[in-house]
S.K.: 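Can you keep this structure in mind? I'll have questions shortly.
The chain is numbered in sequence order, starting from 1.
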Amino acid sequence: MTNYEVMFILDPTLDEEKKESAIDTVKGIIESNNGTVGEADKWGNRKLAYPIQKKNEGYYVVLPFEAEPTLPKELDRRLRISDLVMRHIIVNKDEK
């Protein structure tokens, strides 16, 4: 198992229920592929460096997890097609 971290930015106009649902969906993707998820670090609304989809703010979430090396590719694919996620990045914490 390899240590990873995914940071994603959600649409800030979503209500709290939909934000929690989106976070649970990402956790579900990881857990359904035999990964283990750590505690979600919710940074809240932050100003973006540049406008994305005509929005100047985003709701940031950082989620550490452990998984097999094949999972990040699937997670990346699923986050790309999600309408709720504006941007995301997956980082391998074990790589130097």
Side-chain angles (χ1 to χ4, degrees):
M1 297 283 250
T2 308
N3 289 313
Y4 295 99
E5 186 174 80
V6 60
M7 173 190 265
F8 52 98
I9 305 171
L10 298 173
D11 188 337
T13 59
L14 296 173
D15 58 20
E16 288 300 316
E17 231 174 80
K18 287 195 177 182
K19 288 176 185 172
E20 287 299 322
S21 173
I23 294 168
D24 289 340
T25 301
V26 174
K27 286 181 180 180
I29 293 168
I30 295 167
E31 289 170 348
S32 68
N33 287 296
N34 300 323
T36 57
V37 182
E39 185 67 33
D41 186 10
K42 300 169 193 162
W43 291 7
N45 288 339
R46 300 272 177 120
K47 186 169 172 36
L48 299 172
Y50 55 89
I52 300 172
Q53 301 170 359
K54 297 184 181 178
K55 294 178 177 66
N56 292 318
E57 281 191 342
Y59 187 83
Y60 283 70
V61 180
V62 177
L63 191 63
F65 66 96
E66 285 185 359
E68 297 298 324
T70 56
L71 177 65
K73 188 174 181 180
E74 173 64 14
L75 183 60
D76 182 54
R77 184 187 73 78
R78 300 273 295 270
L79 290 174
R80 278 184 201 271
I81 60 176
S82 173
D83 292 332
L84 303 176
V85 178
M86 295 167 43
R87 288 287 190 276
H88 71 277
I89 186 168
I90 302 169
V91 179
N92 183 342
K93 301 289 280 182
D94 291 339
E95 211 170 85
K96 291 193 178 193

S.K.: Looking at every non-hydrogen atom in both residues, tell me the closest pair between Phe65 and Val37 and how far apart they are.
M.R.: CB-CA, 4.1 Å
S.K.: How about Leu75 and Val26: do any of their side-chain heavy atoms sit closer than 4.5 Å?
M.R.: yes
S.K.: Less than 4.5 Å apart, any side-chain heavy atom of Leu14 and any of Tyr59?
M.R.: no
S.K.: If you count the non-hydrogen atoms of other residues, nucleotides and ligands that lie under 6.0 Å from NZ in Lys55, is the total more than 12?
M.R.: yes
S.K.: Hey, does Tyr60 have a side-chain heavy atom less than 4.5 Å from the side chain of Pro12?
M.R.: no
S.K.: Heavy atoms, side chains only, cut-off 4.5 Å: are Glu68 and Met1 in contact?
M.R.: yes
S.K.: Quick one: does Thr25's side chain have a donor or acceptor within less than 3.5 Å of a partner on Ser21's backbone?
M.R.: yes
S.K.: Side chains of Leu10 and Val85, heavy atoms from C-beta outward: is any pair under 4.5 Å?
M.R.: yes
S.K.: State, to 0.1 Å, how close Val61 and Ala40 come at their nearest heavy-atom pair, and which atoms those are.
M.R.: CG1-CB, 4.4 Å
S.K.: Should Glu16 and Lys42 count as an ion pair when the cut-off is N to O under 4.0 Å?
M.R.: no
S.K.: Looking at Asn33 and Gly35, would you say the former's side chain and the latter's main chain have a donor-acceptor pair under 3.5 Å?
M.R.: no
S.K.: Which heavy atom in Pro51 sits nearest to a heavy atom in Asn56, and how many Å separate them?
M.R.: CG-OD1, 3.5 Å
S.K.: With rounding to the nearest 0.5 Å, note down the distance linking NZ in Lys73 to CZ in Arg78.
M.R.: 15.0 Å
S.K.: Is it true that, when you exclude Asp15 itself, more than 12 heavy atoms of the residues, nucleotides or ligands shown sit nearer than 6.0 Å to its CG?
M.R.: yes
S.K.: Following the transitive rule for hydrophobic clusters with a side-chain heavy-atom cut-off under 4.5 Å over Ile, Leu, Val, Met, Phe, Trp and Tyr, establish whether Val91 and Ile23 coincide in one cluster.
M.R.: no
S.K.: Are Phe8 and Tyr50 connected in a single hydrophobic cluster, I mean Ile/Leu/Val/Met/Phe/Trp/Tyr linked by side-chain heavy atoms less than 4.5 Å apart?
M.R.: no
S.K.: Would you compute the distance between atom OG1 of Thr13 and atom CD of Glu57 and round it to the nearest 0.5 angstrom?
M.R.: 11.0 Å
S.K.: With side chains defined as the heavy atoms from C-beta onward, is the minimum distance between Lys27 and Leu63 less than 4.5 Å?
M.R.: yes
S.K.: Do you reckon Ile29 sits in the same ILVMFWY cluster as Met7, going by side-chain contacts under 4.5 Å, direct or chained?
M.R.: no
S.K.: Measure the NZ-CG distance between Lys19 and Leu84 for me, rounded to the nearest 0.5 Å.
M.R.: 11.0 Å
S.K.: Considering residues, nucleotides and ligands other than Gln53, do more than 12 of their heavy atoms fall under 6.0 Å from its CD?
M.R.: yes
S.K.: Treating Asp94 as the side-chain partner and Asn3 as the backbone partner, does any N or O pair qualify as donor plus acceptor under 3.5 Å?
M.R.: yes
S.K.: Quick one, Met86 and Leu48 - any side-chain contact, counting heavy atoms below 4.5 Å?
M.R.: yes
S.K.: With Glu66, which of Ile30, Leu71, Thr36, Thr2 fulfils side chain to side chain contact (heavy atoms under 4.5 Å, CB included)?
M.R.: Thr36
